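Not measured: the values here are computed from a predicted model. Order of the sequence lines fixes the chain letters, A, B, ..., with proteins taken first and strands second; residue numbering starts at 1 for each chain.
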Number of protein chains: 4
Amino acid sequence: MQRVRSSASEEDAAEQPRRSWKQDPHGVRLNILQVAREAFAQKGLSGARIEEIASQTSTSKRMIYYYFGDKEGLYREVLADAYRRTREAEDALELDGLPSDEALRKLAEFTFDNHRRSKDFIRLVMIENVHEGRHMPDSTEMSGENSSAIRLLEDIYARGLEAGVFRPGFSAVELHWLISALCYFNVSNQATFSHIFGRELFDEDGQTKLRRHVGDMVLRLVLA
Amino acid sequence: MQRVRSSASEEDAAEQPRRSWKQDPHGVRLNILQVAREAFAQKGLSGARIEEIASQTSTSKRMIYYYFGDKEGLYREVLADAYRRTREAEDALELDGLPSDEALRKLAEFTFDNHRRSKDFIRLVMIENVHEGRHMPDSTEMSGENSSAIRLLEDIYARGLEAGVFRPGFSAVELHWLISALCYFNVSNQATFSHIFGRELFDEDGQTKLRRHVGDMVLRLVLA
Amino acid sequence: MQRVRSSASEEDAAEQPRRSWKQDPHGVRLNILQVAREAFAQKGLSGARIEEIASQTSTSKRMIYYYFGDKEGLYREVLADAYRRTREAEDALELDGLPSDEALRKLAEFTFDNHRRSKDFIRLVMIENVHEGRHMPDSTEMSGENSSAIRLLEDIYARGLEAGVFRPGFSAVELHWLISALCYFNVSNQATFSHIFGRELFDEDGQTKLRRHVGDMVLRLVLA
Amino acid sequence: MQRVRSSASEEDAAEQPRRSWKQDPHGVRLNILQVAREAFAQKGLSGARIEEIASQTSTSKRMIYYYFGDKEGLYREVLADAYRRTREAEDALELDGLPSDEALRKLAEFTFDNHRRSKDFIRLVMIENVHEGRHMPDSTEMSGENSSAIRLLEDIYARGLEAGVFRPGFSAVELHWLISALCYFNVSNQATFSHIFGRELFDEDGQTKLRRHVGDMVLRLVLA
DNA sequence: GATGAATGAGAATTCATTCAT
DNA sequence: GATGAATGAATTCTCATTCAT
């Protein structure tokens, strides 16, 4: 009941070393954020319980209100934080050396894998879309233009065009939309899809196949 | 607040004309279901309020419990009913006369349009996925094998293979997954996606383009 | 769910043969009474559910109200009926030929056995005592003076006194009280007593022993 | 309705004096427990109303849930607390100086008096037996072996055997059962018994007589 | 900053009972 | 007499949030 979550889901690869939280405002904040992320990802905004979040925290309910104002405030921060973390993960991708077609496939497949690893993030996005994006962080710091995903795509696509391997007619955002759709759905709709059509697509073999299809699909779309 | 919803969202094409509800169990049930569909689609399972649903109904809160047992029971029925309706809509598609490639593109684009028209359904599916599919109707009546979408795809793909226009290596369920992913995401993630990358993709021009991309993508994937 | 109880607990030795209830007012009444007896015995007045009683009946809720007015009315009838049945069972005891001491022991031990067999009745009495006897049938038809138990005891005790085997100083009602207390408690408090002191007293050996103790106790009390 | 009960039934001899309840969790708990004890004793688990209990309390309905979780949780605590209190009352009895036969009679008669004084406790036990002991506290803390009643009886009976005044063949638990049965029934079944057989046994004279009978009965049972 | 206690407003659910046919 | 539908009035329980120390 009073378990204090400190390490967490797959996604929390590296988290600050944590000792006594006491008198460590920053640590307390992080601890709350982390527990709340899991809670909101699991149950949604209205489904999550402040009480329960607090109990899995190293501090008390009072501190949640102290730091985040109210439940919605906490949710907003969780969401913003989740986007921030995801961006950081995306920044890691390096494709500079590759020819444009290989780079594009690799980007698609990397995204596929990345989404699979980021269940909680995807769930938060699902939830936020149920709320019609009402709690999205300020678009200034979110602007997609300068996300590394978009910049990579722009670069790859430009190179591909130049090299004559890609056909014209696409924007980076469109390509991003297409890749995202496939990779997102794979995670977001696993529950209902597998309920209706069986689990085969979601075991290792199935996923490997889908991953290749996704790569093929994106590549074939733009190939000249 | 006390408005009685009888006709409803875009999706409720034809609903029975209804007169005095009294002693009209079927009518009462339908009326509740319809109001609840909108409510759950809007706010989710925990977010929706039985009270509020009841108030938009021609009957009372009590009758909701009479017919559906509890909130979750109502939600389950709403979900099952939503899937049923969607299936019926899908059954309408006729592609028999077309060559396989044209048929495939048409199926993809029809799905694209259909999803756009079925916001509430998509929202219910989003919500149910947040709940990890815990309320899905019995798979017997849901089995995807005999959904018209799958059967159409099987038929089209078989014809295409036979004609030598399609390459082998795909299953109908995989193709369905790919098409669904694209068309679903377009609706489900509009809020967050447009928040980050702007609304262009979602205005009429943008959608027309995406729609064509989707058709292209699916077709190019399987073309020999 | 819709099981129609017709035969029932141990206590319903002989119940009218029952065919189609339809158009058989007496049968319907009996059927309701019997189901209600079990329900009230099991869950008490406030704990029992009219809905549930009705569902185990061959008829509907409406008929319960038709025949018994309201829940309390039904409970009253169940209680009165239960007392009536118990009296009838007690009337069966024949002790005429026995000497007074043997007769007294036999009466005590018969009561012990009889109570063990009449769980539902005892439970109804427990429940009615929780209600402080507010629903007891009119005392005219209940008057203890002319219950066979009292009349037997009067007779036995008088014979014992006359024969010089019993000492004076007891009334039949007192003796009845003593015997009842022991035999009743054995059934009524089995749950809590065995929870605290273990089940030994309530297995077959334990009960045989207690039964003899009860006989001994009553006999030794009055023996000259 | 809005009376705040603080001192209560006969059984609440000494209860802490209480001042401003605010921030006095122990006091609040006790206050709730006491009011609930009376309510459950009076109306049973399903008959009692949380609302009504709350209104006789110095706090609110909400606090009942805060401290006891739900109605059943409150009931369980009331029951456990009632047993605890009863034990404590039993611990008061001192019989060391007396010869075994006098001690046994005194124990029986003390129990008789004690039960008469503990109406609410007896009612709670009645109610719990209707519930078939489902809410009994963990048997570890309840174990009868080390109740003072059993230990007293063991001691008395052993002494009586040794002195040759008692005959063998009884266990302390059996004797406790016999004594309890008589003393319990006297309270538990007063309502129905007096309804049928009149009130004489329950006025002062009647009770004095019964009390003596109970003493006689137990003593005569074990006398050599 | 920190903590357990406290709370009002609301939400889900239940139940005996009556109505319409 | 019989049945399923309907209902109002409770009743239990929950939740975000604030207070006292």
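Protein atom CZ of A:F68 is 16 Å distant from nucleotide atom C1' of F:dA16, rounded to whole Å. Rounded to a whole Å, the CG atom of A:N31 is 12 Å from the P atom of E:dA2. Rounded to whole angstrom, the span from the CD1 atom of D:I50 across to the P atom of E:dA12 amounts to 20 Å. When the P atom of F:dC13 is taken as reference, atom NZ of B:K71 falls 17 Å away, rounded to whole Å. F:dG8 atom P lies 13 Å from atom CD of B:E51, rounded to whole Å. Distance B:D70 CG to E:dA11 C1': 13 Å, rounded to the nearest Å. Note: OH (A:Y65) to P (F:dC19) measures 13 Å, nearest angstrom. Regarding A:I64, its CD1 atom lies at a distance of 15 Å from the C1' atom of E:dG1, rounded to whole Å.
Residue D:Y67 is classed as a sugar-phosphate contact, given heavy-atom separations below 4.0 Å to backbone atoms only. Within the nucleic acid shown, B:Y66 comes within 4.0 Å of at least one base atom, counting heavy atoms only.
Each of A:R29, A:H135, A:R37 was evaluated against A:E77; a single residue qualifies, A:R29, per the side chain to side chain donor-acceptor pair (under 3.5 Å) test.
Nearer the 5' end of DNA chain E, as judged by each residue's closest nucleotide, is the contact made by D:S60, out of C:R49 and D:S60. Residue-to-nucleotide proximity on DNA chain E shows that, of B:S46 and C:R62, the 5′-proximal contact is made by B:S46.
Crowding of B:E51 atom CD: a count of heavy atoms from other residues, nucleotides or ligands under 6.0 Å not exceeding 12.
Pairing partner, F:dT21: E:dA2, with both Watson-Crick or wobble hydrogen-bond distances short of 3.5 Å. Nucleotide E:dT13 forms a Watson-Crick or G-U wobble pair with F:dA10, both donor-acceptor distances falling under 3.5 Å.
When every heavy atom of D:S58 is checked against every heavy atom of D:N31, the shortest pair comes out as N-OD1, 2.8 Å.
Taking only distance into account, the side chain of B:K61 meets the base of E:dT13 through a donor-acceptor pair shorter than 3.5 Å.
Side chains of D:Y75 and D:E128: a donor on one and an acceptor on the other come within 3.5 Å.
Salt-bridge check for B:R84 with B:D81: passed, with a basic side-chain N closer than 4.0 Å to an acidic carboxylate O.
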